[in-house]
Amino acid sequence: METKTNPTKVAKPQKQQEHKVAGIKNAFWVIIACFVVAVSLFIFWFGNSIHFEEGHPKDIWGTIYMGGVIVPVLQTLFLTVIVLSVERWIALKSAKGTGAIDKFVANVKASLVKNDIASAKALCAKQKGSVAAVVAAALTSYEEMDKNTELSKEQKIATLQKTVEEATALEMPSLQQNLPIVATMTTLGTLVGLLGTVIGMIKSFQALAASGAPDSTELSTGISEALINTAFGIATGAFAVISYNYYTNKIDTLTYAIDEIGFSIVQTFAATH
């Protein structure tokens, strides 16, 4: 009697779970909320009569109100940068995990040198965060490839590398989320501020061009509008640049840690099998 044998099934790596980085998924509502706050401040605080005397501003709040309708737009951009910067700080703190990344990387590499995969996985469970999620995925694949007797060594290494790449690809979007909006604010804030400056200067020249003696009130209003908008535009652009570069550097640090441990896992597997 002929015995039928079932074809050998190649073990497939388990689907890895993406680490849920804390953060705001839809920045549109952040911008809307900041716009509402900015308009409310402009109308009910900066434009309040207590900041004016005989139609002239008597403090900094009234002077800001003299900046005109471009001011709430610039305030919206500035508030958006602040909110998204705080949001990225919380998100990247969650992605980093509970301990120092350098120490975590060193401890995992030490466990790999001893071929103690269980200890390395325990470190990932304790660390948490995006780096630990990628390492845990790679270690799970490591154990699966270690038990697999059908694939060649080259195929196992390729599978392990693919697991690291896929796990990293799952984490990167959540790390970089909302940063493109902050980067856009670096240019948009400056341009809107420049627009307000031009509008203010146009009003100033219109006052100078009026027949007879120039209207000092109109002239001062135009100059105030120009300078206030210039100040808000520069502040928004500068803060956005600082925020974007700071968080980009933080993401690079996490990415380098992921690459370093991923390379170590693959190299350890190649050296011990």
Side-chain angles (χ1 to χ4, degrees), residues 2-23 25 88 90-177 179 247-273:
E2 182 180 359
T3 302
K4 294 183 179 180
T5 58
N6 292 328
T8 303
K9 294 183 179 179
V10 177
K12 296 181 179 180
Q14 297 178 357
K15 183 179 180 181
Q16 303 302 329
Q17 295 295 322
E18 178 184 5
H19 169 67
K20 301 301 182 182
V21 176
K25 302 300 180 182
R88 281 297 86 193
I90 296 172
L92 293 182
K93 183 178 180 181
S94 170
K96 183 178 77 68
T98 57
I101 289 294
D102 293 341
K103 185 177 180 180
F104 171 70
V105 171
N107 290 338
V108 171
K109 291 174 72 174
S111 297
L112 290 174
V113 170
K114 300 174 184 177
N115 200 27
D116 189 355
I117 304 303
S119 175
K121 293 183 74 173
L123 289 171
C124 294
K126 181 180 179 181
Q127 175 73 14
K128 302 178 182 179
S130 294
V131 178
V134 174
V135 176
L139 292 175
T140 300
S141 180
Y142 187 106
E143 290 182 325
E144 292 174 347
M145 294 300 102
D146 191 33
K147 298 174 183 177
N148 190 293
T149 58
E150 302 301 323
L151 297 178
S152 65
K153 179 178 179 178
E154 290 74 18
Q155 289 175 318
K156 291 179 180 180
I157 292 175
T159 300
L160 193 53
Q161 289 175 331
K162 184 178 180 181
T163 300
V164 174
E165 292 172 358
E166 289 179 347
T168 303
L170 283 174
E171 298 296 331
M172 290 309 296
S174 59
L175 296 179
Q176 298 174 339
Q177 189 172 9
L179 278 184
Y247 290 117
T248 298
N249 182 64
K250 288 288 186 182
I251 293 172
D252 288 342
T253 301
L254 294 176
T255 303
Y256 294 151
I258 291 172
D259 292 342
E260 182 179 355
I261 299 184
F263 180 78
S264 298
I265 292 173
V266 173
Q267 291 302 307
T268 299
F269 186 90
T272 57
H273 291 77

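Predicted, not measured: the structure shown is a model, and the values here were computed from it.
- Applying the side-chain contact (heavy atoms from CB on, under 4.5 Å) test to T149 and every residue at least two apart in sequence or in another chain returns nothing.
- The closest donor-acceptor contact from the side chain of S174 to the backbone of E171 lies under 3.5 Å.
- In this structure, K126 has no side-chain contact (heavy atoms from CB on, under 4.5 Å) partners at least two apart in sequence or on a different chain.
- Of all heavy-atom pairs between L160 and S141, the closest is CD1-OG, 3.6 Å.
- Taking CG of L139 as the reference point, atom CG of L123 lies at 9.5 Å (rounded to 0.5 Å).
- Of all the heavy atoms in C124 and A136, the pair that sits closest is SG-N, 3.8 Å.
- One finds the OG1 atom of T159 at 10.0 Å from the CD atom of E144 (value rounded to the nearest 0.5 Å).
- To the nearest 0.5 angstrom, E150 atom CD is 9.0 Å from K156 atom NZ.
- E166 is linked by a side-chain contact (heavy atoms from CB on, under 4.5 Å) to K162, counting only residues two or more places apart in sequence or in another chain.
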Let me have the donor-acceptor pairs involving side chains of residues 251-262, under 3.5 Å, with sequence neighbours excluded, atom names and distances please.
unit_1	atom_1	unit_2	atom_2	d
T253	OG1	N249	O	3.0
T255	OG1	I251	O	2.9
E260	OE2	K109	NZ	3.0

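- Inter-residue side-chain proximity for I101 and Q127 is flagged as met; some heavy-atom pair is nearer than 4.5 Å.
- Between A137 and T163, the closest heavy-atom pair is O-CG2, 3.6 Å.
- Few gaps surround NZ on K153; more than 12 heavy atoms of other groups in view lie less than 6.0 Å from it.
- Using a 4.5 Å heavy-atom threshold, the side chains of L112 and I117 count as touching.
- The two residues I157 and A270 make their nearest non-hydrogen contact at CD1-CB, 3.7 Å.
- Using a 4.5 Å heavy-atom cutoff, the side chains of T268 and V113 are not in contact.
- With sequence neighbours left out, F269 forms a ring pair (Phe, Tyr, Trp, His ring centres under 6.0 Å) with Y142, H273.
- Residues that satisfy the salt bridge (charged side-chain N to carboxylate O under 4.0 Å, His left out) test with K121, not counting sequence neighbours, are E143.
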